Amino acid sequence: MRIQLFKKIRQKTHRSLLRYLFILVLIINTSAINAFGEDMREMSFQARQSREALLQKARAEEKDARKASDISLEAIAKDRRSLEQALEAIEKRVQSFEKEVKQLSEEADQLAIDERALSEKLALTDSVAKELVGVIRINAKDMDAMIDRCLQTALLDERPDFLEAIAGQAKFPGMEDVEHMVETMWEQVRQAGDVRLTRGAIIDRFGNTIEADILLLGNFTAAYRTGEEVGFLTYSPAGQKLFALSRLPSHRFQKQLKRYMAGEDDAVPMDVSRGAALSQLTHELNLWQQIPKGGPIVWPILAILGLGVLIILERLYFLFRRKFNADHLTRRIAMMAEAQDWKGCQAACKHYAEKPAARVLTAGLSCCQMGRETMENALQEAILREVPPMERFLSTLGILAAIAPLLGLLGTVTGMIDTFHVITRHGTGDPRMMSGGISEALVTTMLGLSVAIPIMLAHTLLSRAVDKHIGQMEEKAVALVNIVEKNRNLKDGISA
């Protein structure tokens, strides 16, 4: 910077000298022009004096410039040495900084490696912790649901609420919570094996809250006893109360429950499905409860059932009254025929006048003196006369047995038609809307078959019974003909 200043001073000094010389030349020229007529000697003297003055002045200025230039050069050299020393110090500091930067870079690389390793380890630990917390929350939720469904919860004064807080992420689970969960689980396991009889409040079958003896069989089955009424209980998690089933169990189950509660028996009915099987008792419908669901077709089927039952009862009464020991009568007739006591034979038959076989034998004995052919014709006529009353209503019974399943099939068709109408109008989104038509279709078929099967069986049995009676009459008629012919030939032989 000082070198540049020195150069500027020298350039300024040269310009000053040139300017003074130019001015001198102008003055000389001007003096020559204006004083052309003066003395050349005077002019030359003055010019010399001016030139010398200018040269002295120029030398003085040059000397001052040289002195200032030397001072500047000395300052510049001094500054240069200072700058070199400063530059050398700076270079040493730069080298020191570069070495330090290199060390810091190596440390930074190592720290980055350590950071990645720690980040991976932290991520793994965090994932394990999250998975563990998730498992704890899921188990807390399952335990809370299990306690809600537990029968023993109905008798607790207050249920544990920390499980709901953990499951709902309202609380971060700690070791104390985990230990509390374990204790709660063991308590539930212990209660699952408890069988106890206690006193508590229940909701009876009519919706009233009453005090009753409560029998708890672990977490599976609960029963109650109020006076003479004994039944099963179901648990409602929403209200945390025990409700009596709307239908009482069978008399056998009631008797077993009473004996078990009284300590008289070791066996007790239990629902291992935790109430699922017992709840079916309230929804199970017997035949008479299902009949109204079959629609209008069930009434003709029931009418067929009533008419068929009347016919069956009438036929059974009819056949029962006509039943007797025809073999005994035949033996008596054979004995009297050997003695030629035909009137006694007729009297013995008239004693059983209400029996078809006896009337057939009476008709044959009335013609025993008219020859075999006449007697056989009389017997055949009597048999034919007895057959229609025996077969009365049997054909009607067969027709009823055939009509009942057809009516059931008709109910099935009408029920399916109603179901398809519902599907057409409302779609299949709600199955309950289709239940009416399906119930009608199934109930009518079931009822039709339930009516037709026993009527058909009764028709078959009654037809067999009638055939048996007709066969008996034919057998006794042939036996009578043989007895009469035998004794007639014997008589003719004795007369000869």
Side-chain angles (χ1 to χ4, degrees), residues 250-251 284-326 329 349-363 380-416 418 436-437 439-477:
S250 63
H251 179 72
E284 184 179 357
L285 301 177
N286 55 31
L287 178 61
W288 298 111
Q289 291 174 332
Q290 293 177 1
I291 284 175
K293 297 181 179 294
I297 303 297
V298 300
W299 306 116
I301 298 177
L302 291 177
I304 290 175
L305 175 62
L307 183 58
V309 170
L310 291 176
I311 292 174
I312 293 171
L313 293 176
E314 189 275 336
R315 289 291 86 193
L316 289 175
Y317 177 75
F318 176 85
L319 295 175
F320 181 77
R321 290 192 60 187
R322 269 72 180 168
K323 186 177 180 181
F324 80 109
N325 192 352
L329 179 60
C349 291
K350 289 180 180 180
H351 181 71
Y352 300 98
E354 295 181 354
K355 312 301 180 182
R359 288 197 293 268
V360 170
L361 294 177
T362 301
Q380 188 66 32
E381 181 182 357
I383 292 173
L384 294 175
R385 187 167 50 248
E386 297 294 337
V387 169
M390 291 185 178
E391 294 181 344
R392 186 174 55 182
F393 300 134
L394 289 182
S395 59
T396 304
L397 202 61
I399 293 174
L400 294 178
I403 292 176
L406 294 178
L407 287 175
L409 181 60
L410 177 61
T412 301
V413 174
T414 57
M416 295 307 297
D418 293 340
S439 297
E440 180 178 347
L442 298 179
V443 170
T444 52
T445 303
M446 180 270 297
L447 188 60
L449 294 175
S450 299
V451 170
I453 291 173
I455 291 179
M456 187 174 296
L457 179 62
H459 176 266
T460 302
L461 295 177
L462 290 174
S463 298
R464 292 282 302 273
V466 170
D467 292 340
K468 182 178 178 181
H469 280 79
I470 294 174
Q472 186 184 46
M473 289 188 295
E474 292 177 349
E475 178 191 356
K476 302 310 174 186

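All of these numbers come straight from a predicted model, not from anything done at the bench.
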inquiry  = For I470, give me all partners under side chain to side chain contact (heavy atoms under 4.5 Å, CB included), at least two apart in sequence or on another chain.
reply    = V387, M390, E391, V466, M473, E474
key: side chain to side chain contact (heavy atoms under 4.5 Å, CB included) against A465, all qualifying residues, sequence neighbours excluded   = L319
inquiry  = Working to the nearest 0.5 angstrom, can you tell me the gap between W299 CH2 and L447 CG?
reply    = 9.5 Å
key: Sequence neighbours excluded, every pair satisfying salt bridge (charged side-chain N to carboxylate O under 4.0 Å, His left out) that has a member inside residues 447-456   = none
remark   = In this structure, CZ of F320 is separated from CG of L313 (nearest 0.5 Å) by 13.5 Å
By side-chain hydrogen bond (donor to acceptor under 3.5 Å, both in side chains) - contacts of E314 (at least two apart) = R392
remark   = Minimal heavy-atom distance between I301 and G408, with the atoms involved, is CD1-N, 3.8 Å
message = Restricting to side chain to side chain contact (heavy atoms under 4.5 Å, CB included), what partner residues turn up for E475, sequence neighbours left out?
response = none
query = Where is the tightest heavy-atom contact between A477 and V360, given as atom of each residue plus distance?
reply = CB-CG1, 4.3 Å
message = Filter on side-chain hydrogen bond (donor to acceptor under 3.5 Å, both in side chains), then keep only pairs touching residues 462-471, sequence neighbours left out; what's left?
response = none
Going by atom type alone, with no hydrogens or angles, which donor-acceptor pairs under 3.5 Å involve a side-chain atom of residues 451-460 and a protein atom two or more places apart or on another chain?
{"unit_1": "H459", "atom_1": "NE2", "unit_2": "L394", "atom_2": "O", "d": "3.0"}
{"unit_1": "T460", "atom_1": "OG1", "unit_2": "M456", "atom_2": "O", "d": "3.0"}

query = Please walk me through it: do I304 and L407 pass side chain to side chain contact (heavy atoms under 4.5 Å, CB included)?
reply = CA-CA 10 Å; I304 290 175; L407 287 175; 3.4 Å; yes
query = Does anything in residues 397-415 pair up under salt bridge (charged side-chain N to carboxylate O under 4.0 Å, His left out), and if so which pairs, sequence neighbours excluded?
reply = none
query = Looking only at atom types and distance, does a side-chain atom of T445 sit under 3.5 Å from a main-chain N or O of T412, one as donor and one as acceptor?
reply = no
key: side chain to side chain contact (heavy atoms under 4.5 Å, CB included) involving L307 - partner list, sequence neighbours excluded   = I311, L400
